[in-house]
Amino acid sequence: MSDTPSVPPEFPAYDPAAIEAIWQHRWAEQGTNSPELWTGADPYYQLMMFPYPSGEGLHIGNLFAFTGADIHGRFQRQQGRTVFEPIGFDSFGIQTENYAIKVGQHPAQLTPRNVARFRGQLTRAGLMLDWSKEVITSDPSYYKWTQWLFLQLYKQGMAYKKAAAVNWCPNDKTVLANEQVIDGHCERCDALVEQRLLEQWFFRTSHYSQRLLDNMTALDWSEITRQAQRNWIGRSEGAHLTFRVANAHDVTVFTTRPDTIFGATWLVLAPEHPLVAQLVTPAQLAEVDAYLERTKTQDVVSRKVNKEKTGVFTGAVGINPATGKPIPVWIADYVLMEYGTGAVMGVPGHDERDFEFAEKFALPIIRVVTPADGDADAPLTEAYASKLESDLLVNSAQFSGMPVPQAKKAVVAWLEERGNATPVINYRLNDWCISRQRYWGPPIPIIYCDSCGPVPVPEDQLPVVLPLIEDFRPDDSGISPLARHDEWYRVPCPTCGIMSRRETDVSDNFLDSAWYFLRYPSADRSDVPFDRALTQRWLPVTTYIGGNEHAVLHLLYSRFITMVLHDGGFLDFDEPFTRFRAHGMIIREGAKMSKSKGNVVNPDELIERWGADSLRTYLMFLGKYEEGGDYRDSGITGVRRFLDRIWGSVHECVTTGEPDPAVLRKLHATIKKVGEDIPALGYNTAIAAMMEYVNVLRASERTIHRDEVRPLIQLVAPFAPHIAEACWDILGGHESVFDSGWPAYDPALLVSDTITIAVQVNGKTRGTVSVGKDATQADVYAAALQEPNIAKFVDGEPKKIIYVAGRLLNVVM
RNA sequence: GCCCGGGUGGCGAAAUGGUCAGACGCGGGGGACUUAAAAUCCCCUGACCGCGAGGUCAUGUGGGUUCGAUUCCCACCCCGGGUACCA
């Protein structure tokens with residue numbers, strides 16, 4: 001009882017597996033990660049993009065993304081907010097279906113297995129997920145409401161049916177998604193893909209183009225993401241111009257360059273343009289038919305990829321409303337029916353594509369625009385398509401000499417008077433085709449009745465359950481596999497009762513994910529898709545973190561759905577995500593990870609070997625979260641050592657004596673730094689700052705005071721939650737470290753009485769001087785001259801002295 | 001082609017007008033402890049010249065602005081991502 005131990009007391013080695021198991025169990029048992037949604041103060045909805053539960057299990061990239069979001073959420077919780085961090089599975093869709101076909105199993109069997117595996121992995125990774133609100137999109141309790149959503153859009157006139165082209169494989173006799181068409185060939189059988197017109201369901205996203213654009217200015221989103229959306233919406237200002245055509249209907253074109261109309265030497269229609277049949281003259285009929293046939297037997301993808309100009313003359317002749325001259329009307333597949341009016345005027349002098357076309361078909365090329373100092377008659381060897389505001393019109397009658405921006409307005413006004421023009425704003429954003437001629441998705445809840453037409457399935461009859469059929473593969477019938485099941489698709493009309501047919505298409509996977517964030521808080525409710533009051537309390541999502549590969553489609557569709565629900569009176573807000581941050585991509589040793597390269601990192605093995613805390617922290621240490629990182633196998637040891645040192649410090653620290661003031665200063669600087677870096681997603685520098693502190697804390701095997709190490713545990717907790725809980729417990733914490741708050745720093749400790757000023761002579765640093773914190777320029781200069789190493793460079797009177805208060809003095813000789 | 005990112009030590013990366021650029025970590029070298037090794041701890045580590053003090057060069061390339069540039073401007077090269085006949 002009297003012996004003073006001569007060796008330091010032993011303490012258990014840091015054993016991540018054991019610690020992590022204990023705390024994960026405790027979190028689950030005590031519901032630590034399931035906040036009280038109705039009463040919790042200061043709600044903070046921390047959302048991460050839910051995964052598609054692939055057969056391969058959780059990818060390290062998923063883990064990188066989720067960990068970054070989780071750290072943000074855990075930090076917010078330590079700021080005293082009630083943080084809701086839900087998770088779910090995007091389990092419907094073509095990816096799962098294709099995988100099921102590949103491995104020869106049914107997606108309905110595969111999905112629960114994959115989901116179970118993901119659950120295990122996500123739990124093992126120590127994410128602060130509220131599993132009590134899990135959402136699985138392929139579960140009838142979820143897709144019931146996806147179908148409900150379709151019905152609301154239908155009621156609001158936002159869903160409609162029209163014919164649209166799909167990729168069709170004539171060999172497999174099935175519809176293909178764009179990504180299944182490789183170079184114009186079917187990815188499975190290599191047959192040449194063609195296009196087919198099918199009646200499909202669309203959502204009127206285009207109705208919201210301007211609002212989707214306008215609202216964006218108020219969103220706190222990564223700028224790259226906003227820019228991607230702006231480009232996608234593609235607003236462009238221009239005009240509709242109308243051309244008379246002899247013996248036929250007028251042709252209206254869209255152009256952003258009405259000023260160039262004097263140079264329009266032909267008209268071109270898309271092959272699908274409705275006026276084509278009317279315009280063709282008997283003499284040209286055979287040639288035109290042949291061309292139309294050719295464009296039809298081309299898949300949707302390669303038509304856009306193949307830039308070689310083709311076309312055919314219709315025989316029709318239009319009148320250029322500006323010049324009054326006759327111009328030929330052509331058909332060419334470089335004109336897209338889905339953009340503008342499906343017809344353009346050919347202005348070869350000032351449009352690259354038109355120039356190519358003119359060269360190929362020997363059409364006249366007229367210059368109507370020239371640089372300010374240019375020659376009106378200089379021949380064009382390529383299209384002059386500059387956007388310079390100083391460009392002037394030439395060869396354009398009364399408009400010659402006018403600058404382009406002014407001419408755009410003047411020409412439209414002039415033609416407008418004659419009824420030949422209307423100013424319009426056009427968007428490239430198309431309506432959203434949600435029909436999929438597939439099996440693994442929510443059936444679209446519509447019934448076709450011979451006497452009533454399309455009838456929505458009454459809401460009290462939802463869900464329209466996806467039947468469990470064995471032959472779920474797409475086959476040679478050319479329509480959805482569901483159409484092969486009479487017993488499923490033959491139903492009485494809800495209105496008149498006569499035998500009718502169900503819609504056999506399922507909806508797009510993107511529809512499942514366009515509203516899942518609304519479902520989470522209400523996931524346990526079977527009577528409503530989302531509870532109005534609870535939604536009001538938790539949404540819009542406070543912070544959404546996800547990959548920028550979804551910058552356009554998923555985020556745009558989610559915004560669209562939110563707007564529609566708002567306008568339908570279901571929501572009080574019309575933007576779903578207040579703050580969005582795109583994380584970067586994780587690569588390995590400079591290369592993209594892929595199965596074919598065999599360089600995929602397996603998170604399970606890493607967690608087993610190093611622990612979840614080390615892996616989490618290491619992933620965040622690789623680089624800027626928003627830029628991604630380069631995963632290298634050797635680096636994780638440094639992070640593990642860092643956690644080991646924290647573990648050691650917690651066990652070795654004493655409560656006698658006082659903390660070292662110098663260490664405390666560093667501690668408070670670290671608290672400040674980490675507290676500023678985490679909300680800005682500067683995780684790598686936050687970790688570096690903590691490492692620096694640990695180096696100071698343990699320098700020269702000094703004795704560590706408990707008060708020097710305790711706040712560090714709170715700082716490291718978002719990154720390494722398990723070891724933090726364990727350490728907090730050891731240091732006498734009575735609650736979870738995540739309910740212990742965040743340490744405050746004392747600003748007074750961060751300023752010292754003396755400051756070090758760099759002294760440069762002619763811009764070269766020659767030394768530093770230590771002066772009082774209120775020193776003036778003169779004080780610093782005087783002090784500098786006392787330093788021989790500085791003074792020797794100062795010879796005579798300086799020409800100039802620049803003083804940056806508190807930082808630097810530059811003496812210019 | 002167009003729109004975004006990004007080029008800094010042997011490597012992952014810090015610092016975006018101001019203290020010899022390179023924090024933090026990996027890797028490497030040296031030392032302490034140990035019978036030895038591991039672990040741990042301490043020191044060094046951009047390149048070149050010099051015994052040394054010290055000096056020279058260095059943030060993709062070339063210009064420019066400035067007392068001062070990795071940081072701002074212009075041109076170009078390379079890498080990554082997105083998008084693509086959008087009139």
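A note on names: the letters A, B, ... follow the listed sequences, proteins ahead of strands, and every chain is numbered from 1.
- Residue A/Lys624 has its side chain nearest to B/A14 when only B/A23, B/A14, B/C67 are considered.
- Proximity of A/Leu267 to A/Trp330: side-chain heavy atoms (C-beta onward) are nowhere separated by under 4.5 Å.
- Residue-level contact check: A/Ile802 touches the bases, meaning some heavy atom is under 4.0 Å from a base atom.
- Mapping A/Thr256 and A/Tyr631 onto RNA chain B by nearest heavy atom places A/Tyr631 at the nucleotide closer to the 5' end.
- When each of A/Gly340 and A/Val639 is assigned the nucleotide of RNA chain B with its nearest heavy atom, A/Val639 is the one assigned upstream, toward the 5' end.
- Of the candidate nucleotides B/U19, B/G12, B/A87, B/G12 has the atom nearest to the side chain of A/Phe621.
- Proximity of A/Asn695 to the phosphate of B/G25: a side-chain N or O atom is located under 4.0 Å from OP1 or OP2.
- Here the side chain of A/Val804 is nearest to one of B/A87, B/C24, B/G18, namely B/G18.
- Distance from the side chain of A/Arg641 is smallest to B/G27 among B/G18, B/G12, B/G27.
- Considering only side-chain atoms of A/Arg428, the nucleotide from B/C3, B/C86, B/C26 that sits closest is B/C86.
- With B/A15, B/C85, B/U19 as the choices, the nucleotide that has an atom nearest any side-chain atom of A/Thr685 turns out to be B/A15.
- The shortest distance between the side-chain N/O atoms of A/Arg645 and the OP1/OP2 oxygens of B/C41 is below 4.0 Å.
- Residue-level contact check: A/Val812 touches the backbone only, with heavy atoms under 4.0 Å from sugar-phosphate atoms and none from bases.
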